[in-house]
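Report on the following structure.
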Amino acid sequence: MSARNPGMHLDLEWVSKVRVNTQAVLKRAQQIQGHKVAKKQWQAAWMLKAVTCIDLTTLAGDDTPSNVHRLCMKATQPIRHDLLKSMDMHDKGITTAAVCVYPSRVADAVKSLKAANSSLPVASVATGFPAGQTPLKTRLAEVQMAVEDGATEIDIVINRTLALTGQWAALYDEIRQFREACADAHMKTILAVGELGTFTNVYKASLVSMMAGSDFIKTSTGKETVNATYPVAIVMVRAIRDYFLRTGYKVGFKPAGGIRTAQESVVWLTLMKEELGDEWLNPHLFRLGASSLLADIERQIYHYVTGRYPAFHELPMA
C-alpha cells in the first residue's frame, strides 16, 4: 500500500486560484460513458474487480445485529462459490473491500467477521452523518467511539455550510481534528457533492480535504438527491491527480450513492483507469460505496457462467 497522505499546510492561494471549466468536464464525462463496454470474459473480469472494490453498505434506520451479520457474511463470500469455481476464481480470495455501517453497529460487524475468521475491514460513517449538522464535540466523540469499537476506516462528512460560505480554513481545521480522532483508522471524507453548488466548489472542497490529511475523498452520503455522477467524479479525480503531482501522495476515490448496475461499476473502473491509471484500480485507492450493486454483479456473473439469468430464489441477497 502506498504511503498514507499526511496532509499539508492549508495553501489558500492554491485553493483561491481554482477555476473549473464546466463544458470541458461535461464533455469528458460523456466520452467516458460512450466507451464500448468489454464483453464476455473481459467483462466478467472487470465485474469481479469491481466486487473487490465494494464497501458493502447498510445505513438504514432498521439495521439490526442480524442484518449486519448477513451483510458481513455476504461480504466474505460475495459471489456464489460454484459460480467462481466454474470461472476458476474460487481460490483467489475474492471478498468485498470492506463493510460499512453506522457507528452503533460497528461492534456487531466486528463480532460477525471475527467469528467468521475474516480480516475484512469495518468502515463506519461518523461526524453527524448524513447532514454533518451536529456540534463538533459530538462529531469528534462519534469518530472516537467507532474506532474504539473496532472500525479501521471512518467515512466522515464535511460541514457543507463551511464549504458553501467559503470558510476553507475552518473546514480544514475541522477535518484535521477528525483525522486526529481517527488515529490509525483510515479516513474517507464525504463531500456531499449534490449540496456544494458548483464544480469549482467541489474541486476546492476536494483539495482542502486532502490538505487536511484525508486518505480518500468520497462523493456522497447516498442520502442527498444528487449523488455520484461522472462529471463530479472527473472534477474530484483531477483534484486527486493535481494533489499527487504536487505532493507525491496518492489519495483514494470513492463514488457512492445510486450505483446499482454491473455496467455502471465497469464505467467507474474505466474512469479511474483513464484518469488516474492502473495504480488506482485496487481497493487501497478505489472503493465503490453500494448496497444493491453486488446483487446485480452476481446476477450478471450467473448469466456469464450459465447463459441465462437466475430466478429470484437462486441468488438470495445479503
If you apply the rule salt bridge (Lys or Arg N to Asp or Glu O under 4.0 Å), what do you find for Lys74 with Glu298, and how did you get there?
CA-CA 11 Å; Lys74 188 69 184 168; Glu298 194 171 18; 2.8 Å; yes
* Let me see the working for Ser265 and Leu288 under side-chain contact (heavy atoms from CB on, under 4.5 Å), right down to the final yes or no. => CA-CA 8 Å; Ser265 71; Leu288 286 157; 4.1 Å; yes
Check against side-chain contact (heavy atoms from CB on, under 4.5 Å), Leu191 and Thr219:
CA-CA 6 Å; Leu191 305 184; Thr219 59; over 6 Å; no
Quick one: do Arg246 and Trp14 satisfy side-chain contact (heavy atoms from CB on, under 4.5 Å)? Show the steps, please. CA-CA 11 Å; Arg246 183 152 327 183; Trp14 184 6; 3.6 Å; yes
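For Tyr230 and Trp268, the gap between ring centers is short of 6.0 Å.
Side-chain atoms of Arg308 and Tyr302 form a donor-acceptor pair, as typed in the model, at a separation below 3.5 Å. A side-chain donor from one of Thr58 and Asp63 sits under 3.5 Å from a side-chain acceptor of the other. Under 3.5 Å, the side chains of Thr189 and Ser214 contain a donor-acceptor pair of N or O atoms. No hydrogens or angles considered: nothing links the side chains of Glu13 and Ser16 as a donor-acceptor pair under 3.5 Å. Of the N and O atoms on the side chains of Thr200 and Thr198, not one donor lies less than 3.5 Å from an acceptor on the other residue. If you check the side chains of Gln167 and Thr165, you find a donor sitting under 3.5 Å from an acceptor. A donor-acceptor contact closer than 3.5 angstrom is absent between the side chains of Tyr304 and Gln41.
Taking a cutoff of 4.0 Å between a charged side-chain nitrogen and a carboxylate oxygen, Asp108 and Arg105 qualify as a salt bridge. We find that Arg28 and Glu274 are joined by a salt bridge, their nearest charged nitrogen and carboxylate oxygen being less than 4.0 Å apart. Under 4.0 Å is where a charged nitrogen must lie from a carboxylate oxygen, and between Glu153 and Lys254 no such pair does. Ion pairing of Lys188 with Asp215 is absent here, as no side-chain N (NZ or NE/NH1/NH2) approaches a carboxylate O to less than 4.0 Å. Ionic pairing of Asp296 and Arg260 is not present here: no N-O contact between side-chain nitrogen and carboxylate oxygen is shorter than 4.0 angstrom.
Taking the ring axis of Phe178 as reference, the NZ or CZ atom of Arg139 does not stay both within 45° of it and closer than 6.0 Å to the ring centre. Note that Arg241 lies outside the cation-pi zone of Trp280, set by a 6.0 Å cut-off to the ring centre and a 45° limit from the axis.
Rounded to the nearest 0.5 angstrom, Met211 CE and Thr247 OG1 are separated by 9.5 Å. One finds the NE2 atom of His35 at 12.5 Å from the CD atom of Gln30 (value rounded to the nearest 0.5 Å).
A pairwise comparison of heavy atoms in His69 and Ser112 identifies ND1-OG, 2.9 Å as the closest pair. The two residues Ala151 and Ala185 have their closest heavy-atom pair at O-CB, 4.0 Å.
The same ILVMFWY cluster, assembled from side-chain heavy atoms under 4.5 Å apart, contains both Leu293 and Leu83. Following chains of ILVMFWY side-chain contacts shorter than 4.5 Å, one cannot reach Ile158 starting from Phe129, and the two form parts of different hydrophobic clusters. A single hydrophobic cluster is not seen to contain both Ile190 and Val232; linkage of ILVMFWY side chains at heavy-atom distances under 4.5 Å, directly or through other members, places them apart. A single hydrophobic cluster is seen to contain both Leu271 and Val25, as judged by linkage of ILVMFWY side chains at heavy-atom distances under 4.5 Å, directly or through other members. Both Leu26 and Ile32 are members of a single hydrophobic cluster when ILVMFWY side chains are connected at heavy-atom separations under 4.5 Å.
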